[in-house]
Amino acid sequence: MDIAQLLDRLNEPQQHAVTAAAHENIVVLAGAGSGKTRVLAHRIAWLLTTELARPHNILAVTFTNKAAREMQGRISQLLDEPTQGMWAGTFHGLAHKLLRIHHDFAQLPQNFQVLDDSDQERLIKQILKQLELDEKVWTPKKAKGFINRHKEQGIRAQAIEIQSHEIWYLRMRDIYLAYQTHCQQQGLVDFSELLLRSYEIWRDYPELLQQYRQRFRFVLVDEFQDTNHIQYAWLRLLAHPETAFFVVGDDDQSIYSFRGAKVEHIQLFTEYFSPSRLIRLEQNYRSSGMILAAANGLIAHNSRRLGKKLWTQGAAGEPVYLYTAYNEREEAEFIVEKIQEWTGSLQQVAILYRTSAQSRQFEEILLQKSIPYRIYGGLRFYERAEVKNALAYLRLAYYNQDDGAFERIINTPKRGLGERSLEIIRGHARRHGLSLWQAAEELLAEDTFSKKIATTLHDFINYINTITQKTQIAELDEIIQYIHDSSGLLMHYEKEGKDEAQRRKENLEELIAAAKEYPKNSVEDGFDPITAFLSHAALEAGDIQGDPNQTCVQLMTLHLAKGLEFNLVFLCGLEEDLFPHKNSIEENQVEEERRLCYVGITRAKQKLYLSHCETRFRFGSRELSRPSRFIKEIPSELLQVVRLQRVATSFHATLAKYPTGTWVKHPKFGRGVVLQTEGNGEAARVQVYFPQLGNKWLVLAYAGLQKE
DNA sequence: AGGAAGCCACTTTTT
DNA sequence: GTGGCTTCCT
């Protein structure tokens, strides 16, 4: 594509951004739907076509794998030649690549393993056990949070300042230290470690940094508002007078502060990377006028904004519809009904929700009406137990020292090597500083075990060795096929029931397919294919499930929806304590929730439905839900209330029948006495004390309560 | 050693 | 409602 063509489909501020001079540092403050990805892709295409840069000089960073793929796709659409030599990917992906190349600087073994989130938690759990700490007090979750938070701040365990009054702090520090030591010995790297370690090698080896500074003359960052401390610090190391930074972000779409992201980095950038220029993209090309106005109205309730007002030349379009459902099931039924009325492509329909758990209701109804759908997120492909187990066989075969893999599969499927035998192996390993594998071999040689155990263990080791032999001759997918056929995992799952086994079998088959597809990209990086594939599995938890070509309704959390757009959007569960989520309200994070809602609204191009329920089943009982504050914050003239005809019930009148102290009867719980009542005119509930059960809240419409 | 039954805590969001 | 974990029984 020639230069003129690159520019003529851009508006003025977009052109300014794309054609900025080679020495300029640019911040693009880009509102939702204002062509952010487009500007980024065009900027890269511009740099290459004008020959300001060769692909080799470009570093392009995104946050999600999805965004990385999309950017790559756009660039290759704009350019005729391939962009080989360009580094483009997520922070984690790039950090990983850097560490593989410079594993010696990083003091890591060449085949270091990447721990995903659940691996990390598992490992911490084991360490807590080793330290003999009570898991109830020092929960793995809290320890994980502590460790990751500190790594994200660039703080090593040794560097944590000890506040003597805080025993909790001291103990956490010990856990962090033990974890860190263990990972180092085992060659394990968790997500935050990828970033921290990459930062450290650049910081500590100036000659290495120099090499990259000279190479990456153009650094482009997407979703800059989502950078955390260590990512920002890493980028800052690259800064020198010859480097041009081009960062794109939207403070109103910052939704990852729980992971350490700081909007302030946008402001800090302008101070540190001077001289720099701020370009605002405020023209929205995506949503109808009404939808945009709703988004603007909502986000105006946030303080501490950089300030930006989106506008559109497009038509006002339809109002935003608001639906009030009785309960989550009815909410799902309503939404599915509206989907059935929709005449456009199902691919253009999205159901968005705050928490993954909400997807279940929709799944059921969609299945029932045979509407094809696809759920993103939730339990992702490589996180599934059967997939992780199959990969653990591969890991152990390829790398005998992998204790995590050993622990995972030594008795999966059940082969009679239980906790007792394992504890003996663990003890021996610990005493002699061996891996579990080595310990098992030594113990076998020393004839410690009973005949039965020894035979089983021997068989296990031999079996793994047969896989090891395969790894030297066979292709990746053949190895996994072999594991699939011979490990007994399938039989193991068949005991769990037919449907379950079928699903797991399909997943394992998909894993083989994924392995077959894989080698292409890994060869280029020059890493050995097995290590590369395993890292890929951890880094890209992967939504390879489902046929991407099939047109289907898209279901996802709001976090996953960022960067996408749909003609018809359902934003559901707009209820206090769910959205905004209870935890966020308690942690003073309502502004972030509001931004999340803003992200959701701005996904819609033509039609947007908001919905909430009067009651919802949560935490094991039916709860009364109040409409989200966000609904009230959208200017009411933009909303059109839709409500199915139904029998009007005066809940106030119903409530009056159950004053405090009334004796009642419940079909299941028996006799009880009313303690208190509450209601909002649309629904009502009473708290009843049942002598055998204690207090229970019951929603009147469902309780089946009778006055005694 | 392994299975069944019962108990518990948990459900924010992601690389 | 659910899944993970412990406990107890075989």
Side-chain angles (χ1 to χ4, degrees), chain A residues 61-68 89-96 114-122 125 135-136 139-141 145 148 151-152 189-195 223 226-228 230-231 254-261 328 352-361 376-380 382-383 385 411-423 450 452-453 456 492 495-496 500 535-543 556-562 573 577-587 589 592-593 595-597 599-600 616-623:
Chain A
V61 197
T62 60
F63 273 83
T64 63
N65 295 304
K66 217 188 238 166
T90 64
F91 273 106
H92 293 85
L94 295 169
H96 170 251
V114 180
L115 293 181
D116 73 15
D117 203 56
S118 63
D119 297 331
Q120 186 187 21
E121 202 166 311
R122 247 178 114 97
K125 224 178 215 170
E135 265 188 54
K136 299 249 158 62
T139 64
K141 265 221 166 76
N148 287 341
K151 285 191 179 180
E152 275 155 18
V189 176
D190 62 45
F191 285 143
S192 17
E193 184 73 30
L194 285 170
L195 301 173
E223 309 278 14
D226 287 334
T227 48
N228 66 25
I230 195 74
Q231 290 163 334
S254 161
I255 55 176
Y256 285 110
S257 74
F258 67 90
R259 184 171 96 178
E328 63 277 13
L352 308 180
Y353 35 79
R354 176 67 240 267
T355 67
S356 302
Q358 285 166 259
S359 66
R360 275 257 298 286
Q361 291 294 328
Y376 292 82
L379 240 202
R380 283 197 293 290
Y382 288 110
E383 286 168 0
N411 206 24
T412 310
K414 300 266 182 324
R415 51 172 65 85
L417 292 169
E419 197 49 37
R420 289 252 322 255
S421 323
L422 188 52
E423 197 42 56
S450 70
K452 199 171 144 208
I453 304 267
T456 327
H492 172 71
K495 285 182 206 145
E496 289 179 1
E500 196 65 13
S535 305
H536 160 86
L539 281 167
E540 235 176 287
D543 18 48
M556 64 188 88
T557 63
L558 286 156
H559 282 87
L560 282 169
K562 189 157 78 158
D577 289 352
L578 179 62
F579 191 27
H581 196 276
K582 198 167 187 216
N583 298 359
S584 301
I585 298 172
E586 279 160 14
E587 288 159 29
Q589 294 288 329
E592 174 138 324
E593 295 280 303
R595 290 193 290 268
L596 196 53
C597 187
V599 167
R616 182 178 289 275
F617 207 88
R618 284 184 88 193
F619 303 105
S621 72
R622 191 154 280 287
E623 302 267 323

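Within every chain, numbering begins at 1; the chains are lettered A, B, ... in the order of the sequence lines, protein sequences first and strands thereafter. Heavy atoms only: backbone and side chains are in, while hydrogens, waters and symmetry mates are out.
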Contact class for [X] vs. all strands (heavy atom < 4.0 Å): base, sugar-phosphate, or nothing?
X	answer
A:Leu115	nothing
A:Arg595	nothing
A:Glu587	base
A:Lys141	sugar-phosphate
A:Asp117	base
A:Phe91	nothing
A:Arg618	nothing
A:Lys452	nothing

Problem set entry | Chi angles and distances behind the side chain to side chain contact (heavy atoms under 4.5 Å, CB included) call for A:Met556, A:Leu352 | CA-CA 5 Å; A:Met556 64 188 88; A:Leu352 308 180; 3.7 Å; yes
Checking contacts here: which listed nucleotide ([options]) is nearest the side-chain heavy atoms of [X]?
X	options	answer
A:Arg360	C:dG1, B:dT14, B:dT13	C:dG1
A:His92	B:dT14, B:dG2, B:dT15	B:dT15
A:Asn65	B:dT12, B:dT15, B:dG2	B:dT15

Phosphate contact ([N] OP1 or OP2) by [X] side-chain N/O below 4.0 Å:
X	N	result
A:Arg354	B:dT11	no
A:Ser356	B:dT12	no
A:Asn411	B:dG2	yes
A:Ser421	B:dA1	yes
A:Lys125	C:dC5	yes
A:His559	B:dT13	no

Euclidean distance, atom [atom1] of residue [X] to atom [atom2] of [N] [Å, nearest integer]:
X	N	atom1	atom2	result
A:Glu586	B:dT12	CD	P	10 Å
A:Gln358	C:dG1	CD	C1'	15 Å
A:His536	B:dT15	NE2	P	13 Å
A:Glu383	B:dT13	CD	P	11 Å
A:Phe617	B:dC10	CZ	P	18 Å
A:Ile453	B:dG2	CD1	P	8 Å
A:Phe191	B:dT13	CZ	C1'	15 Å
A:Glu592	B:dT14	CD	C1'	12 Å

Exercise. What integer number of Å spans the C1' atoms of B:dT13 and C:dG4?
Worked result: 22 Å
For this session: Run through A:Arg259, A:Lys562, A:Arg595 and flag the one making a salt bridge (charged side-chain N to carboxylate O under 4.0 Å, His left out) with A:Asp226.
Result: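 One option only clears the test, and that one is A:Lys562.
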For this session: Determine, answering yes or no, if A:Phe258 is stacked on B:dT13 under the 5.5 Å centre rule and the 30° plane rule.
Result: yes
Exercise. So, A:His581 and B:dT12: ring centres less than 5.5 Å apart, planes less than 30° off, yes or no?
Worked result: yes
For this session: Could you give me the CA-CA distance, side-chain angles and deciding distance for A:Phe91 and A:Asn228, then say whether side chain to side chain contact (heavy atoms under 4.5 Å, CB included) is met?
Result: CA-CA 11 Å; A:Phe91 273 106; A:Asn228 66 25; over 6 Å; no
Exercise. Side-chain donor-acceptor pair under 3.5 Å between A:Ser535 and A:His96, yes or no?
Worked result: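 Note: A:Ser535 and A:His96 side chains meet the donor-acceptor criterion.
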Exercise. Does one side chain, of A:Glu121 or A:Ser118, offer a donor that lies under 3.5 Å from an acceptor on the other?
Worked result: no
Exercise. Is the base of B:dT15 touched by the side chain of A:Arg259 through a donor-acceptor pair closer than 3.5 angstrom?
Worked result: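 Check fails, no donor-acceptor contact within cut-off.
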Seminar exercise, completed: Ranking A:Thr557 and A:Arg415 by the position along DNA chain B of their nearest nucleotide, the one closer to 5' is A:Arg415
For this session: Between A:Thr90 and A:Asn583, name the one whose nearest nucleotide on DNA chain B is closer to the 5' end.
Result: A:Asn583
Exercise. Does any N or O in the side chain of A:His559 come within less than 3.5 Å of the main-chain N or O of A:Ile255, such that one atom is a donor and the other an acceptor?
Worked result: yes
Exercise. Side chain of A:Asp577, backbone of A:Lys582: donor and acceptor closer than 3.5 Å?
Worked result: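 Flag not set: sc A:Asp577 to bb A:Lys582 has no pair under 3.5 Å.
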